Amino acid sequence: MIQIKNVTKTYNGTVRAVDNLNLTVNNGEIVGFIGPNGAGKTTTLKMMTGILKPDSGSIFINDFDMQSEPLKAKQVIGYIADSPDMFLRLKGLEFMNLISDIYKVPTDVRRERIKTFASRFDLSEVLDKPMQSYSHGMRQKMMVAAALVHDPAVWILDEPLTGLDPKSAYALKNMMREHADAGNSVLFSTHVLEVAEKLCDKVIIINHGKSLFYGTLDELTARYPDMDLEKIFLEMTAHE
Amino acid sequence: MNSYLTLTKTFIAAISMSAPQDKRRKIMIVILSLFGIFGVLLPVAIAVGILVKLMTETLIPIGCESLGIQLMFHVICLFTVIFGINVIFNEFYFSNDIEYLLPWPLRAYQIIASKFTAAFYNENMMQFVLVLSCIIGFGIGSKMGILNWLLSIIGIITLPIIPLAYCGILSMVMMAFTKLIRSKDMIQRISVALIFIMVIALVSSIGFLQNMDIDTYVETLAAGDQTFFTVMNYIFPNVPLFVKTFSEGSFPAFLGYIAVNAAVITIMLFLSEKLYFKGVIGLTSSDSRKKEQDITKLLTSCKQHSPAYSYFMKEVRILIRTPVFFTNCIAINFLWPIFVYAMLKIQHYEIALEKLRHLYAHRDLRIQLFFLLGIVGISVIVAAVNSLSSNAISREGKHFSFMKYIPVPYFTQWNVKTFVGILFPAIGVLVYFLPVCILIRIPIVHIVLFTLLSLMSITFVSHMGIYIDSIQPKLIWDDEMSALRENYNTFFSMAISIAFTVVVCVGGFFLFCNTKISIGFTALILVLILAAANLVVLILTAKSGVRNIEEQEET
C-alpha cells in the first residue's frame with residue numbers, strides 16, 4: 001500500500017514540481033500515473049522511493065514512513081527507473097546477484113526467480129554478457145527482472161513498458177495484474193493511455209504537480225460521457 | 001561559424017560542474033577553491049616564477065637569457081601532449097554525444113573545431129597559470145619592457161594550442177588507420193598504454209641528468225651545444241617564436257607565431273575532413289554476439305553474499321572493467337617506484353641495496369627518517385593521485401539515484417567506497433615497500449610501524465577524498481574521462497593531500513634535524529598526527545558527510 005499525504009516538492013526554491021499531492025494506492029490495485037511531460041510524475045515516483053526528499057508532507061510504503069524508516073520502506077519496493085542504462089560494465093547475472101544481495105534474497109530463491117525471469121523475458125542467452133552489449137530493450141528487460149527479483153510487495157515503475165518488445169510488454173502487464181490480484185500494489189507512470197485503460201484499476205492525472213483527477217476509469221468517463229480517454233486527457237490538461 | 005559557436009557552447013556547458021544549491025555547500029566549495037588557489041596553485045606558480053627568474057639571471061652573462069623560459073615552455077608543451085592525448089581521444093571519439101552529432105548535417109571540421117575548443121578550454125587552466133608565472137619570472141629577471149609584456153599576452157592563452165592539436169592529429173590518424181580495432185575499450189586501452197609508455201620513457205630518461213648540474217649545463221650552452229633545443233624547436237616551433245616575440249619584442253616572430261598556430265589548426269581541420277568520419281563511424285562498445293547458455297549451469301554461480309560485499313564487488317568490477325578508471329584509479333597505484341627512482345636520480349642518490357642495508361643496520365638516523373617520512377609521503381600522494389575516493393560518488397554519475405533507493409544505509413555505502421579507496425593504494429604501496437624492507441633487513445617492529453603509518457595515511461586520504469566529493473559531486477558527465485578530469489573534487493583532494501604531505505614530511509624533517517628528539521619520538525608524533533587527521537575526517541563524515549549524500553539531488 002502506498003500513501004502520499006500533502007506532498008510538495010520545489011526545485012531550486014522556485015520551480016514547484018509537485019504541489020500538495022495526495023494519493024493512496026490500496027493493496028490489490030494497479031494505479032496508472034498519467035500526465036504530460038514535466039507534470040511531476042517522475043519527481044513523485046522518486047520521492048516515493050527515497051531518491052528525492054519532499055519539502056513537506058509524508059509518504060508511507062506498506063505503513064513504513066519513508067522519512068523515519070527509509071530502509072524498511074525501501075526493502076518492500078521494486079523500482080524501475082526511467083533509464084535502463086545502469087552499471088553497464090556488469091554482466092546481467094552479476095547485476096541480478098547484486099540486487100538480490102542488496103535485498104537479501106536467499107540463494108535458492110534467487111536462482112529460481114532469475115530462471116523464471118530469464119525465460120519470461122528471453123534473457124537466458126545474454127545473462128553472461130556485459131549489459132553494455134545489450135540493446136535498449138534488453139537493458140529495460142534486465143531492469144524489470146532485477147527490480148522484481150526480491151518479490152517486492154509494492155511496485156513503483158517509471159515508464160516500464162518503454163523499449164520492451166510486444167512479448168515482454170505482454171509478460172510484464174500480466175505480471176502486474178497477477179501481482180495486484182495477489183493483494184499487492186502497483187503504481188506505474190505511462191504516456192500510453194491505451195495501456196492505462198486496459199490495465200489500471202484507477203488512474204491519477206496530474207499536471208504542474210497538481211492532481212487533476214484520481215479515481216476509477218468509470219468515474220472518469222462518467223464525468224465526460226461523450227469522450228474517449230485521449231480526449232478527456234487533452235481536455236483536462238489543456239484547461240490547466 | 002554559428003554552428004561552431006553553438007556546438008562549442010554546448011560542449012563547454014556539458015563539461016562544466018554544476019554549482020551547489022544550498023548555502024552550506026556553497027561555503028565549503030568556496031573554502032576548497034580558496035585553498036586550491038592559495039594553498040597550491042599560487043605557491044606552484046611562485047616557485048615556477050622564481051625558478052625561471054633564477055635561470056634567466058644565470059643565463060644573462062652568456063647571452064642566452066631566454067633559454068631557461070624556452071626550456072620551461074618545451075616541458076609544458078610536452079606534458080600537454082602526454083596528458084592531453086587521452087582527453088582528446090575521449091572528446092573526439094568516446095563521448096556519448098557523438099551518436100547524436102553524427103546524424104546531424106554537420107561537417108567533420110565543424111565537430112572537430114568545437115570539440116577541440118571545448119577540450120582546450122578545459123585543459124588550459126593549469127597551463128595558463130604556469131605560462132603566466134614563467135613570463136613574470138622571466139620579465140623580472142630580464143627587466144622586460146612594457147611592449148614585451150604586452151606581446152607576451154598572446155602566448156599565455158594560446159601556447160597549448162599546438163601540443164593539443166598534435167594530440168588531435170595523432171588521434172584521428174590512429175583511429176582512421178586502425179580499422180581492425182573497432183572496440184572503444186580496446187582503443188582506450190591502447191591510448192592509455194601509450195601515455196604510460198611516454199611517462200615511463202620520460203621519467204626514465206631523467207637518469208641521464210645524474211651526472212649533470214646547472215654549471216656544467218650552462219657551460220655546454222655557452223659552448224654553443226644546443227642540440228636539445230634544436231630538436232624541441234622543430235617539434236614545438238611555437239615555443240621559440242613566442243619566446244622571441246616577447247623577449248626581443250620581435251613583430252616578425254609575433255606574426256610567425258600566429259602563422260604557425262593557424263597552420264597547425266588548418267592541418268588538423270583539413271585532416272578531420274578526410275579522417276574523422278572514417279574513424280568514428282562503426283565504433284562499438286563491446287561484443288554483442290549471443291551464444292547458447294546453459295542457464296542451470298550459469299545459475300550455480302549464484303550465491304548469497306552480504307549487501308556490503310556485493311556492493312564492494314560492484315565497485316571493483318566497474319573500476320577494473322572501465323579502461324579509464326582502470327588506468328587512472330587502479331594501475332596508477334603501482335607506478336610510484338618509477339617516480340621515486342627518477343627523484344632519487346635527480347638528487348644524485350645512489351640506490352644500492354647493500355649500502356641501504358648497511359646504513360639501516362648501523363642505525364643511520366637519516367636513512368631511518370627517510371623511510372619514516374617517505375612511507376607517509378608516498379602513501380598520501382599515491383592515495384590522492386588515484387582519485388579513487390575523490391571520485392567515488394561522482395563516478396556513480398546518472399546512477400547516483402541507485403545509492404538512494406536501495407535499502408542499504410548510506411554509511412555502509414560510504415564505508416565500502418572508503419575501503420575501495422584504501423585497498424588499492426595500500427596494495428600498490430606495500431607490494432613494493434614490504435619486499436624492499438625485507439631485502440634491507442629492516443627490523444620487524446619497524447616494518448609494522450611503517451605499515452601502520454602507510455595505512456593511516458591512506459585511510460585519511462580516502463575518507464577526506466570521499467568527504468570532498470560528497471559536498472558537490474560531478475554527477476553529469478558524458479564519458480568516464482570527464483568524470484575524472486572535469487571533476488574539481490579530485491584537484492581539491494590532491495591539493496589538500498600535497499599540502500598535508502609537505503607539512504608533515506618537511507615539518508617532521510626539520511623537527512628531527514633541529515631538535516634533540518629521537519627517531520622513535522618522531523614516529524610517535526607522526527602516528528598522533530595521522531590519528532588526529534583521521535579523527536577529524538571521521539567526525540566530518542559522521543557530522544555532515546552522510547547528510548551530504550542524503551540531501552544531494554541528482555543534478
Side-chain angles (χ1 to χ4, degrees), chain A residues 11-13 46 48-53 70-77 79 81-83 85-112 114-115 118-119 123-135 138 150 156, chain B residues 21-22 96 184-185 284-315 317-323 325-326 396-410 412-413 480 550-555:
Chain A
Y11 288 118
N12 303 334
K46 285 183 173 173
M48 289 181 198
T49 51
I51 295 170
L52 294 175
K53 217 173 177 178
L71 295 182
K72 284 179 182 165
K74 288 172 187 177
Q75 182 68 38
V76 295
I77 295 174
Y79 171 61
D82 51 354
S83 163
D85 300 334
M86 186 181 281
F87 305 136
L88 300 181
R89 298 277 172 184
L90 297 186
K91 293 174 183 173
L93 190 60
E94 288 169 351
F95 183 64
M96 294 288 274
N97 270 317
L98 167 71
I99 302 297
S100 302
D101 284 334
I102 281 171
Y103 288 93
K104 298 170 183 147
V105 182
T107 303
D108 293 346
V109 178
R110 84 173 62 178
R111 281 182 187 165
E112 201 46 52
I114 293 172
K115 199 172 175 179
S119 151
L123 292 170
S124 308
E125 289 176 342
V126 295
L127 273 179
D128 199 27
K129 293 259 171 215
M131 292 195 288
Q132 201 173 25
S133 65
Y134 294 8
S135 65
M138 198 65 89
H150 62 292
I156 298 176
Chain B
Q21 299 301 332
D22 64 286
N96 290 338
K184 281 184 184 181
D185 285 358
T284 58
S285 291
S286 62
D287 178 24
S288 60
R289 281 170 298 178
K290 288 183 180 181
K291 62 176 182 196
E292 282 296 318
Q293 293 283 337
D294 179 355
I295 185 133
T296 317
K297 201 174 160 191
L298 201 62
L299 289 174
T300 51
S301 63
C302 294
K303 209 176 153 193
Q304 189 180 359
H305 295 101
S306 71
Y309 173 81
S310 218
Y311 198 94
F312 165 76
M313 287 309 294
K314 182 260 301 180
E315 291 279 315
R317 281 178 177 136
I318 290 171
L319 284 166
I320 287 176
R321 290 177 191 167
T322 312
F325 291 151
F326 178 74
E396 298 290 335
K398 285 180 244 173
H399 326 310
F400 173 70
S401 60
F402 179 79
M403 288 182 78
K404 303 194 83 174
Y405 72 71
I406 56 171
V408 177
Y410 296 129
T412 307
Q413 299 186 52
E480 289 90 355
E550 217 172 87
E551 289 175 357
Q552 176 66 44
E553 298 195 338
E554 286 161 303
T555 54

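Bear in mind that the values here come from a model prediction, so they are computed numbers and not experimental data. Residue numbers begin at 1 in each chain, while the letters A, B, ... track the order of the sequences.
Ranked by heavy-atom pairs under 4.5 Å with chain B, the first of A/Gln75, A/Glu94, A/Lys53 is A/Glu94. Contact tally against chain A (heavy-atom pairs below 4.5 Å) for B/Ala308, B/Pro409, B/Ser301: the top residue is B/Pro409. Each of A/Leu98, A/Asp101, A/Ile114 has some count of heavy-atom pairs under 4.5 Å with chain B, and the biggest count is that of A/Asp101. In terms of heavy-atom pairs under 4.5 angstrom with chain B, the leader among A/Val109, A/Ile77, A/Asp85 is A/Asp85.
With respect to B/Arg321 and B/Glu480, no salt bridge is recorded, no charged nitrogen being found less than 4.0 Å from a carboxylate O.
Of the atoms belonging to A/Thr49, heavy atoms from both backbone and side chain fall under 4.5 Å from chain B. Proximity to chain B (any heavy atom under 4.5 Å) is shown, for A/Lys72, by neither the backbone nor the side chain. Within the 4.5 angstrom heavy-atom criterion, atoms from both the backbone and the side chain of A/Arg111 approach chain B. When heavy atoms are compared at a cutoff of 4.5 Å, A/Leu90 approaches chain B by way of both its backbone and its side chain. In this structure, chain A has no heavy atom under 4.5 Å from any part of B/Phe325.
Distance CE/B/Met313 to CD1/B/Ile318: 11.5 Å, rounded to 0.5 Å.
In this structure, A/Met138 and A/Leu123 approach most closely via the heavy-atom pair SD-CD2, 3.7 Å.
For the pair B/Leu299 and A/Leu93, the minimum side-chain heavy-atom distance is below 4.5 Å.
Side-chain atoms of B/Glu396 do not come within 3.5 Å of backbone N or O of B/Ser401 as any donor-acceptor pair.
Under the 3.5 Å distance criterion, with hydrogens and angles disregarded, no donor-acceptor pair is assigned to the side chains of B/Tyr410 and B/Glu550.
Below 30°, between 30° and 60°, or above 60°: for B/Tyr311 and B/Phe402 the angle between ring planes is below 30°, a parallel geometry.
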